[in-house]
Amino acid sequence: MTSPLETEGGGTPLVVDDEKEPAREPDTAQLEGRSPGRLMWIRFKRDRTGVISAYVVGLFFLIGLLAPLISKLYGKSPYTVYADERPELFDSAGVPVQPNGGMSGEFWFGLEPGNGYDVFTKLIYGIRTSLMISLVVTLAVVLTGILLGVSAGYLGGRADFAIGRLIDFLLAIPSQLFFIASMPVVVSLFVSPRDETPTYVRVVALILVQWVLGWMSLGRILRGTTLALREREFIEAARVSGASPWRIIRREILPNVVTPLLVQATYLLPGFVTIEAGLSYLGVGIVEPTPDWGQMFSKASTELVLQNDITYMFFPGVSMILFVVAFNLLGDSVRDAFDPKTAR
Amino acid sequence: MKEEVVDVTKDEATLPAPRDAAADGPGEPLLVVEQLVKHFPVKGGFPIRRTIGAVQAVDGIDLTVRVGESFGLVGESGCGKSTTGRLITRLLEPTGGKISYRGQDITHASRKQLAPIRSEIQMIFQDPYSSLNPRQTVGKIISGPMEINGIQPSGGREERVRELLEIVGLNPEHYNRFPHEFSGGQRQRIGVARALALEPKLIVADEPVSALDVSIQAQVVNLLQKVQKELGIAFLFIAHDLAVVRHFSHRVAVMYLGKIIEVGDRDSIYTRPRHPYTHALLSAVPEVNLDGTDEAQRERIRLAGDVPSPISPPSGCRFRTRCWKAQDKCATQEPPLVQISGNRPGHLTACHFPEEPTVEAREEDIVLDPALAALEDTQPKTGGAGD
Ligand SMILES: Nc1ncnc2c1ncn2[C@@H]1O[C@H](COP(=O)(O)OP(=O)(O)OP(=O)(O)O)[C@@H](O)[C@H]1O
Ligand code: SF4
Ligand SMILES: [Mg+2]
């Protein structure tokens, strides 16, 4: 990734130098300046893939946000055990009797073999859980990345050295193994192993482990960007005027790291969604009966479901692929809009 | 001595009237720099990294800038000019020496201690593309210094910014525009406006025009000159050749490898230089003489090689590796910066064997560059493969 700084500094002047050429473009009436952010937005809007991906991603967030409302209108709850309520829909093994996993006008996406949860509400609530967790992780990672990355870059010296070694150390840890191994440990910090683990503890633990191993790449990028920025003369100009380090970071540096920050965050979030799904799939994340995207895959891979109801996998699978692909395309478009010089 | 020489910085419309010698008279000292030293440690070594040397970027310089005076600091790339400017504005911590501003020692003053005089010393930077924050509007950029120092002008900050934009020749309506919407020359004007926002007494201008088109350079220099005269601001004008500062500076210092090798009022430096290096720099200045004398009547000196590394500068006189007059003494004794007999007061030179105080053409050109010398084999020459 080339540094987005280059674009911001360069860029063709929109106003022709009136010292050189008195003949100016006729559009000088527009005196309100167009900020780099505005220009980026204009470029982004021209990118059709990006706009469509943005709508798709937005739709997912909307679904997650409105899940309670949608299920109210739909008239079902993801916690209703239909195997008990409507036993006539299931055979003796607990598999829906109707074809395609019990899909019908009443149960749009069918019923889950075993307990007989409604797949549609379970999916939208699952999306809600997953997105919420990933969003919190992304937020925590972004804040940590800014805090550690920018201070390492700006302060340099010992702080930089310490943070740099910390990053190296954390990067050396195999993250998948760490997640699987540390989840039970983190959970046991909150509750004794004999008690029932409350859902929120699992959520907090998921957020914690992903956060601890999630911020380094962003931290590194921000450190590099800040290091490059620190050399720039406008920082020196601020120092000559007597600006405090805090003001320099807030007013001069942070606005200039927004670009890499946004680009990275749009790549990070779908990554966290898949990690969270993976952990739940492996059984160390969210467990029944809390609806969760990844946990639905885990359900789909149980023997009962796998052998009797292959369609169960369809909706969680397709929706997740759609989400991750759309989010990554969005990330690409955001990067292109910020940095039009990089060819893909 | 009236000067009638026009140089490249001349603007078609307004050639600034030559200043008279009164300006050369002693004014009250504003900034006094004594034996200023800045060494950058060089790290290296294996397996343990340690300091293995030092870049002697600035190695003991003295200079005085008086109230309202413009002082030119000239030297080749890498000789420590920017470092000097950054030391004076306290962007860098001096390794040694003393900087005093209006009698107050600011050599190691902290940010808080500097606060009262921060507004009095401002800086204009070399690169108009990196000196303005791309994320801030022009208005924010120029009002930033006022905000930091809590200055509330009578008509409000925005009004003051518009006024400053007008002073530097920009449209005040451009208040809400962003730097990327301006050309290099316009950006540099914004930088000037920002430096003026605090009504400073001293502006350090670090090669303010060398990144600009030649045609625009003149306009920016004229702007600086106008500002300097009308607002009575003292300037430390850094440049890498003598042409740019010619009309601008009351006094000029020439730097070589971290040392000042010659300093004096403008006329002395331009017409009666004594140091061989000053002669060489002057002969590199392209100029058209109006009084009929042309290029051929000026001396011609072409130096060979590059500036030696400031990590291990030559012993004795630092210029000796490129000097055509170097002798044994030059390698063993460092020449002090003194007034040589025949020099005007205040005209100091650091050389054991100074040149004649003239820039008239010599009998033989001094061409030390072997390639250039070979090319000009047919023409008379001295020197040869220099060092
Ligand atoms: N932060 C630094 N760390 C190490 N060395 C430095 C640093 N800043 C400057 N130097 C070195 O100090 C010497 C003088 O640099 P300086 O920038 O003052 O030169 P200059 O005269 O301004 O040159 P130019 O005309 O290219 O701007 C150079 O050799 C440079 O490599
Ligand atoms: S002291 Fe010697 S080497 Fe240095 S400039 Fe003078 S003559 Fe040349
Ligand atoms: Mg420089």
Side-chain angles (χ1 to χ4, degrees), chain A residues 3-21 24-25 27-40 157 161 228-259 338, chain B residues 86 89-91 111-112 114-119 121-141 144-149 169-171 173-187 189 191 194-195 197-198 204 206 213 215-216 219-220:
Chain A
S3 161
L5 294 176
E6 291 160 26
T7 359
E8 291 161 5
T12 24
L14 297 184
V15 182
V16 182
D17 192 344
D18 46 11
E19 299 165 335
K20 259 194 290 192
E21 287 169 55
R24 287 218 253 153
E25 290 164 40
D27 72 343
T28 40
Q30 183 230 357
L31 284 168
E32 201 61 26
R34 290 199 291 180
S35 71
R38 275 281 304 281
L39 290 176
M40 174 262 155
F161 184 81
L229 280 171
R230 196 179 61 163
E231 300 296 307
R232 305 244 290 188
E233 288 171 347
F234 65 82
I235 306 278
E236 298 198 318
R239 285 175 57 205
V240 168
S241 302
S244 63
W246 170 233
R247 187 194 151 100
I248 291 177
I249 289 181
R250 204 165 33 97
R251 299 288 295 273
E252 312 285 339
I253 292 181
L254 282 186
N256 282 292
V257 300
V258 165
T259 305
F338 275 129
Chain B
R86 286 181 159 77
T89 49
R90 289 302 323 283
L91 287 169
R111 191 175 67 82
K112 294 236 161 65
L114 279 174
I117 59 158
R118 264 302 178 205
S119 59
I121 307 179
Q122 284 293 299
M123 190 154 181
I124 298 171
F125 295 88
Q126 176 169 5
D127 181 359
Y129 288 89
S130 103
S131 63
L132 306 178
N133 188 340
R135 296 271 163 186
Q136 290 182 353
T137 60
V138 170
K140 274 263 170 295
I141 290 172
M146 293 190 257
E147 224 175 86
I148 292 166
N149 290 281
L170 289 172
N171 185 347
E173 296 306 311
H174 288 171
Y175 185 86
N176 279 320
R177 293 208 168 195
F178 286 85
H180 66 93
E181 299 174 287
F182 293 90
S183 67
Q186 291 175 318
R187 281 165 179 243
R189 286 170 191 262
R194 171 177 59 194
L198 294 176
V204 175
D206 186 3
D213 251 36
S215 57
I216 295 168
Q219 294 163 336
V220 174

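Letters A, B, ... are given to chains in the order of the sequence lines, protein chains preceding strands, and every chain is numbered from 1.
The nearest pair of heavy atoms linking A:Pro245 to B:Arg111 is CD-NE, 3.9 Å. In terms of heavy atoms, A:Pro36 sits closest to B:Phe178 at CD-CD2, 3.7 Å. In this structure, A:Glu236 and B:Phe125 approach most closely via the heavy-atom pair OE1-CE2, 3.5 Å.
For B:Gln136, the part sitting under 4.5 Å from any heavy atom of chain A is the side chain, from C-beta outward, and nothing else. Interface remark: B:Asp127 contributes backbone and side-chain atoms alike to the contact with chain A (heavy atom separation under 4.5 Å). With a 4.5 angstrom heavy-atom cutoff, B:Leu91 touches chain A via backbone and side-chain atoms both. Heavy atoms closer than 4.5 Å to chain A are found in the backbone of B:Ile121, but not in its side chain. Contact of A:Arg247 with chain B is made through the side chain alone, with heavy-atom distances under 4.5 Å. If you measure heavy-atom distances from B:Lys140 to chain A, the contacts under 4.5 Å come from the side chain alone.
Rounded to the nearest 0.5 angstrom, A:Ser241 OG and B:Arg194 CZ are separated by 7.0 Å. To the nearest 0.5 angstrom, A:Leu229 atom CG is 8.5 Å from B:Asn133 atom CG.
Of the possible polar contacts, none joining the B:Arg135 side chain to the A:Glu252 backbone as a donor-acceptor pair under 3.5 Å is found. With hydrogens and angles ignored, the 3.5 Å screen pairs no side-chain donor or acceptor of A:Asn256 with any backbone N or O of B:Pro134.
Applying the side-chain contact (heavy atoms from CB on, under 4.5 Å) test to A:Leu254 and every residue at least two apart in sequence or in another chain returns A:Ile146, A:Val150, A:Ile249, A:Val257.
Interface summary for chain A: among B:Met123, B:Met146, B:Gln122, the most heavy-atom pairs under 4.5 angstrom belong to B:Gln122.
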**OP:** Tell me, with the steps shown, if B:Asp206 and A:Glu233 meet side-chain contact (heavy atoms from CB on, under 4.5 Å).
**Re:** CA-CA 11 Å; B:Asp206 186 3; A:Glu233 288 171 347; 5.8 Å; no
